[in-house]
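Reading through the structure tokens given below for one structure.
We use all heavy atoms of the structure for the numbers below, so side chains are in, but hydrogens, waters and symmetry mates are not. Heads up: numbering here begins at 1 and tracks the sequence.
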Amino acid sequence: MTGPLLTRAPGSPPEPLAEYRAAGGYDGLRTARGMAPEEVVALVTAAELRGRGGAAFPTGRKWDLARKAAGPEKHVLANGGEHEPGSRKDRVLLATRPHLVLEGTAIGAHATGATEAWIYLLADMADGVAAVRGAIGEADAAGLLGALRVRVQIAPPTYVAGEETAAIAAVEGQPAKPRKKPPYPGESGIGGKPTTVNNVETLAHVPGIVRNGAEWFRGLGVPGSAGTMLLTLPEGVRKPGVVEVGLGKAAWREVVEDLGGGTRSGRPVRAVLPALSCSWLPAPKLEARLDHDSMKAAGSSLGCGGVTLLEAGECAVERTLEIARFFMREQCGQCPPCRMETNTIAAVLEKTARGEPGDYKGQVEKIAAFTRKKGFCSLIEMAAAPVLSALSLFPEDFEAHARTGRCGQS
């Protein structure tokens with residue numbers, strides 16, 4: 001497993017500018033500004049950096065599209081709109097290493113031709129907001145940002161507010177709700193101008209890539225999955241919190257047992273949910289390694305790394321119902337198919353949990369198939385994924401609940 005590159009000790013205060021610069025901070029920005037924008041984009045492309053917000057889109061490709069977009073006015077938006085239960089990695093990163101995010105944002109602005117940058121935070125991120133504002137003030141006073149204007153945008157603490165077009169809407173003073181695509185942000189974003197939206201963890205990797213090179217970054221991971229990734233381990237393990245793992249360098253069993261210290265209860269793990277919008281990995285697949293190809297082969301994905309555990313003796317129906325209710329609450333209400341899907345899934349699971357028999361699996365599969373790709377954002381797919389996988393992996397839990405209103409696991 002790889003040592004930490006992005007994280008500081010738990011509970012650390014924001015890294016001061018002097019300390020950050022003593023360790024090479026802002027050297028990457030200085031180097032990048034001595035390069036042509038296309039050279040920086042080529043370097044990030046060669047490093048094979050992919051987005052860490054959940055979608056894993058190649059960062060170099062996104063930057064190249066923005067660089068080539070027409071128009072003299074462009075924007076960069078560093079997205080820290082983290083509101084997924086179980087995920088705290090962006091909050092910890094912003095609160096402890098704000099200069100790392102700020103430097104990555106400034107390099108992204110240079111590479112894409114942006115003259116304005118925004119760091120997007122939710123209203124309940126008090127520590128992160130204070131740290132980022134302090135870092136911007138320090139960097140500005142030291143003349144490190146040059147002509148780049150960097151501002152903080154505060155958004156409501158909702159799940160959909162973290163979607164990239166919802167973030168753009170918030171910057172424009174509109175409700176933080178997703179917009180229909182196309183056009184994509186790289187074509188028409190803030191004020192109709194080309195806008196590059198990257199997760200804050202994605203941007204935090206960029207200074208190291210510029211300082212150390214593409215080969216160095218690729219070597220931290222495995223082919224197709226370069227670099228490291230932040231994970232949030234849940235309270236159910238002995239050592240919860242944010243950890244950093246080289247992609248492809250560890251299996252899920254190692255993450256739980258070694259980094260997490262095993263479960264507090266001492267019970268074995270029935271399954272792992274890598275993030276709320278992913279599919280469950282059952283115990284026999286915990287040897288799958290944390291990289292994109294391995295996770296795809298195992299029937300899941302990495303998501304944003306907000307880990308959920310299902311332990312032996314815990315009910316898959318009850319846990320799945322909690323997830324379904326979350327997505328039902330957090331859908332923004334503007335897409336009828338999404339409203340219908342999230343409400344229907346939650347209602348079906350509630351009936352099953354109470355012991356009302358019926359074709360619960362068929363109903364969920366039918367509604368998920370009918371609504372697929374019909375929303376403005378991907379929540380419509382996210383809400384279905386963990387439920388569909390739970391129905392397939394834990395049929396005995398659902399069958400017991402449908403018959404008796406109880407699981408039978410405990």
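Inter-residue side-chain proximity for R319 and P386 is flagged as unmet; no heavy-atom pair is nearer than 4.5 Å. Looking at heavy atoms from C-beta onward, L379 lies in side-chain contact with F327 at the 4.5 angstrom threshold. Residues P274 and L302 are not in side-chain contact: their nearest non-hydrogen atoms beyond the backbone lie 4.5 Å or more apart. In this structure, M382 and Y159 have side chains that are in contact, with non-hydrogen atoms separated by less than 4.5 Å. A 4.5 Å side-chain heavy-atom check between W252 and L290 finds at least one atom pair inside the cut-off. In this structure, R325 and R329 have side chains that are in contact, with non-hydrogen atoms separated by less than 4.5 Å. In this structure, the side chains of L17 and L144 come closer than 4.5 Å at one or more pairs of heavy atoms. Using a 4.5 Å heavy-atom cutoff, the side chains of T45 and P58 are not in contact.
Salt bridge annotation for R30-D27: present, with a cationic side-chain nitrogen under 4.0 angstrom from a carboxylate oxygen. Taking 4.0 Å as the cut-off between side-chain N and carboxylate O, D64 and R61 do not count as a salt-bridged pair. Residues R88 and E82 are not paired through a salt bridge, judged by the lack of any N-O separation under 4.0 Å between the basic side chain and the carboxylate. A salt bridge links D397 with R270: at least one charged nitrogen is closer than 4.0 Å to a carboxylate oxygen.
E201 places no side-chain N or O within donor-acceptor distance of the main-chain N or O of L93, the cut-off being under 3.5 Å. Using a distance-only test at 3.5 Å, with no hydrogens or angles considered, no donor-acceptor pair links the side chain of E341 to the main chain of T371. A side-chain donor-acceptor contact under 3.5 Å links K74 to the backbone of R67. In this structure a side-chain-to-backbone donor-acceptor pair under 3.5 Å is present from T202 to R52. When atom types are taken as modelled, the side chain of R238 and the backbone of T263 share a donor-acceptor pair closer than 3.5 angstrom. Within the 3.5 Å criterion, the main-chain N or O of A283 finds a donor-acceptor partner in the side chain of R253. K374 places no side-chain N or O within donor-acceptor distance of the main-chain N or O of P337, the cut-off being under 3.5 Å. A donor-acceptor contact shorter than 3.5 Å is absent between the side chain of T228 and the backbone of E244. Between the side chain of S225 and the backbone N or O of G221, no donor-acceptor pair lies under 3.5 Å. Looking at T105, its side chain does come within 3.5 Å of a backbone N or O of V101 through a donor-acceptor pair.
We find the OG1-CZ distance between T31 and R33 to be 11.5 Å, quoted to the nearest 0.5 Å. Atom-to-atom distance recorded for L122:CG and H83:NE2 is 7.5 Å, nearest 0.5 angstrom. Atom NZ of K285 is separated from atom OG of S294 by 12.0 Å, given to the nearest 0.5 angstrom. Separation of atoms CD1 (I168) and CD (E163) is listed at 8.0 Å; rounding is to 0.5 Å. Interatomic distance, CG of L203 versus NE2 of H205, reported as 10.0 Å (0.5 Å rounding). A distance of 8.0 Å separates CG of L49 from CG of N198, quoted to the nearest 0.5 Å.
Only one option out of D90, T59, N79 pairs with N199 in a side chain to side chain donor-acceptor pair (under 3.5 Å); it is D90. Between R403 and the options R406, H401, E399, a side-chain contact (heavy atoms from CB on, under 4.5 Å) holds for only E399.
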Exercise for the section: Any chance you could lay out the side chain to side chain contact (heavy atoms under 4.5 Å, CB included) test for L310 and L273, step after step, and finish with the verdict? Expected result: CA-CA 8 Å; L310 183 69; L273 191 63; over 6 Å; no

**Asked** Would R91 and D127 satisfy side chain to side chain contact (heavy atoms under 4.5 Å, CB included), going step by step from the backbone distance to the final call?
**Response** CA-CA 8 Å; R91 294 166 184 265; D127 292 345; over 6 Å; no

Exercise for review: Show your reasoning for whether side chain to side chain contact (heavy atoms under 4.5 Å, CB included) applies to L102 and V132.
Suggested key: CA-CA 8 Å; L102 182 58; V132 168; over 6 Å; no

Discussion item. As a quick check of understanding, evaluate side chain to side chain contact (heavy atoms under 4.5 Å, CB included) for Y120 and V197, giving each step before the final call.
Written reply: CA-CA 10 Å; Y120 183 77; V197 184; over 6 Å; no

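Contact detail for L281 and L286: the closest heavy-atom pair is O-CD2, 4.0 Å. Across all non-hydrogen atoms, the minimal contact from V40 to W63 is CG1-CZ3, 4.3 Å. Taking each heavy atom of V76 and A114 in turn, the nearest pair found is CG2-CB, 3.7 Å. Residues A390 and F398 share a closest heavy-atom pair of O-CE1, 3.5 Å. Residues V210 and G28 approach most closely at CG1-O, 3.3 Å, considering heavy atoms. When every heavy atom of I380 is checked against every heavy atom of G375, the shortest pair comes out as CD1-N, 4.0 Å.
The number of heavy atoms from other shown groups lying within 6.0 Å of NZ (K296) does not exceed 12. For F57, the CZ atom counts as densely surrounded, since its 6.0 Å shell holds more than 12 non-hydrogen atoms of other residues, nucleotides or ligands.
When only modelled atom types and interatomic distance are considered, E138 and Y20 share no side-chain donor-acceptor pair under 3.5 Å.
With sequence neighbours left out, the salt bridge (charged side-chain N to carboxylate O under 4.0 Å, His left out) criterion links E215 to no other residue.
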